[in-house]
Amino acid sequence: QVQLVESGGGLVQAGGSLRLSCAASGRTDLSYAMGWFRQAPGKERELVAAITWRGGSTYSADSVKGRFTISRDDAKNTLYLQMNSLKPEDTAVYYCATSTYCRSNGCYSLSAVYDYWGQGTQVTVSS
């Protein structure tokens with residue numbers, strides 16, 4: 001019902017910045033909650049940041065707090081992740097996701113509610 005396409009990944013040196021984008025299409029009216037996840041080799045996928053419709057509420061994992069900023073432009077159906085002060089440990093495949101059934105601030109920061117995913121974009125941070 002919702003299609004998600006990420007872009008903006010790449011190779012960057014430690015301390016650098018990248019901005020990821022995620023274009024949503026289809027039933028975007030269902031996308032109250034949206035988030036960015038990442039998965040590094042050999043590690044579990046983790047929720048990095050999440051946001052509610054119109055950016056009313058945001059969540060950031062402790063590992064990225066103060067460095068990454070999530071935002072969304074609902075008029076353009078686009079989700080963003082601005083990543084600053086990147087570290088080698090930020091290297092991972094980053095996925096955009098949305099929840100079509102979370103409708104409150106009580107659930108948008110829970111990984112289990114996300115049911116639609118993009119294909120992922122690789123971010124590599126060199127030391």
**Report entry** Residues clustered with Val5, ILVMFWY side-chain links under 4.5 angstrom
**Finding:** none
**Report entry** Side-chain donor or acceptor of Glu6 paired with backbone N/O of Cys96 under 3.5 Å
**Finding:** yes
Requested in this report: Hey, could you give me each pair passing side-chain hydrogen bond (donor to acceptor under 3.5 Å, both in side chains) that has a residue in residues 86-99? Not counting sequence neighbours.
Outcome: Ser31-Thr98, Arg38-Asp90, Arg38-Tyr94, Arg67-Asp90
Query raised in the report: Minimum heavy-atom separation for Gly120 to Val93, with atom names?
Result: CA-CG1, 3.9 Å
Report task. Would you kindly confirm whether Val12 and Trp36 end up in one hydrophobic cluster when ILVMFWY residues are joined by side chain heavy atoms under 4.5 Å apart? Result -> yes
Query raised in the report: Do Val2 and Thr100 have side-chain heavy atoms sitting under 4.5 Å apart?
Result: yes
Query raised in the report: Is a side-chain N or O of Thr52 found less than 3.5 angstrom from the main chain of Ser57, in a donor-acceptor match?
Result: yes
Report summary line: Tightest non-hydrogen contact, residues Cys107 and Val113, listed as O-CG2, 3.5 Å
**Report entry** Sub-4.5 Å side-chain heavy-atom contact between Gln1 and Tyr116
**Finding:** yes
**Report entry** Shortest non-hydrogen separation from Tyr59 to Ile70 and the atoms involved
**Finding:** O-CG2, 4.5 Å
Query - Interatomic distance, Asn84 atom CG to Leu86 atom CG [nearest 0.5 angstrom] - result: 7.5 Å
Query - Closest heavy-atom pair and its distance - Glu46, Ser63 - result: OE1-OG, 4.3 Å
Requested in this report: Taking all non-hydrogen atoms of both residues into account, name the closest pair between Ala14 and Ser127 and its distance.
Outcome: CB-CA, 4.4 Å
**Report entry** Inter-residue atom distance Leu79.CG - Ser71.OG, 0.5 Å rounding
**Finding:** 7.0 Å
Requested in this report: Output all residues satisfying salt bridge (Lys or Arg N to Asp or Glu O under 4.0 Å) with Asp29, sequence neighbours left out; order by chain, then residue number.
Outcome: Arg27
Query raised in the report: More than 12 non-hydrogen atoms from neighbouring residues, nucleotides or ligands closer than 6.0 Å to CD on Gln119, yes or no?
Result: yes
Report task. Go through the steps to decide whether Leu20 and Val123 satisfy the test side chain to side chain contact (heavy atoms under 4.5 Å, CB included), and finish with yes or no. Result -> CA-CA 9 Å; Leu20 304 183; Val123 171; 4.1 Å; yes
Query - Spacing of Ser21 atom OG and Leu81 atom CG [to the nearest 0.5 Å] - result: 9.5 Å
Query raised in the report: Between Thr78 and Lys76, is there a donor-acceptor pair closer than 3.5 Å when you use the side chain of the first and the backbone of the second?
Result: yes
Query raised in the report: Applying salt bridge (Lys or Arg N to Asp or Glu O under 4.0 Å), which residue pairs with at least one partner in residues 94-110 are found, sequence neighbours left out?
Result: none
Query raised in the report: Any side-chain heavy atom of Tyr108 sitting closer than 4.5 Å to one from Ile51?
Result: no
Requested in this report: May I ask you to test the Arg72-Met34 pair for a side-chain heavy-atom distance under 4.5 Å?
Outcome: yes
Query raised in the report: Apart from Trp53 itself, what residues make up its hydrophobic cluster when side-chain heavy atoms of I, L, V, M, F, W and Y under 4.5 Å apart count as a link, directly or indirectly?
Result: Tyr32
Query raised in the report: How close do Leu47 and Ser111 get, heavy atom to heavy atom, and via which atoms?
Result: CB-OG, 3.6 Å
Query raised in the report: By ring pair (Phe, Tyr, Trp, His ring centres under 6.0 Å), which residues pair with Phe37, not counting sequence neighbours?
Result: Tyr114, Trp117
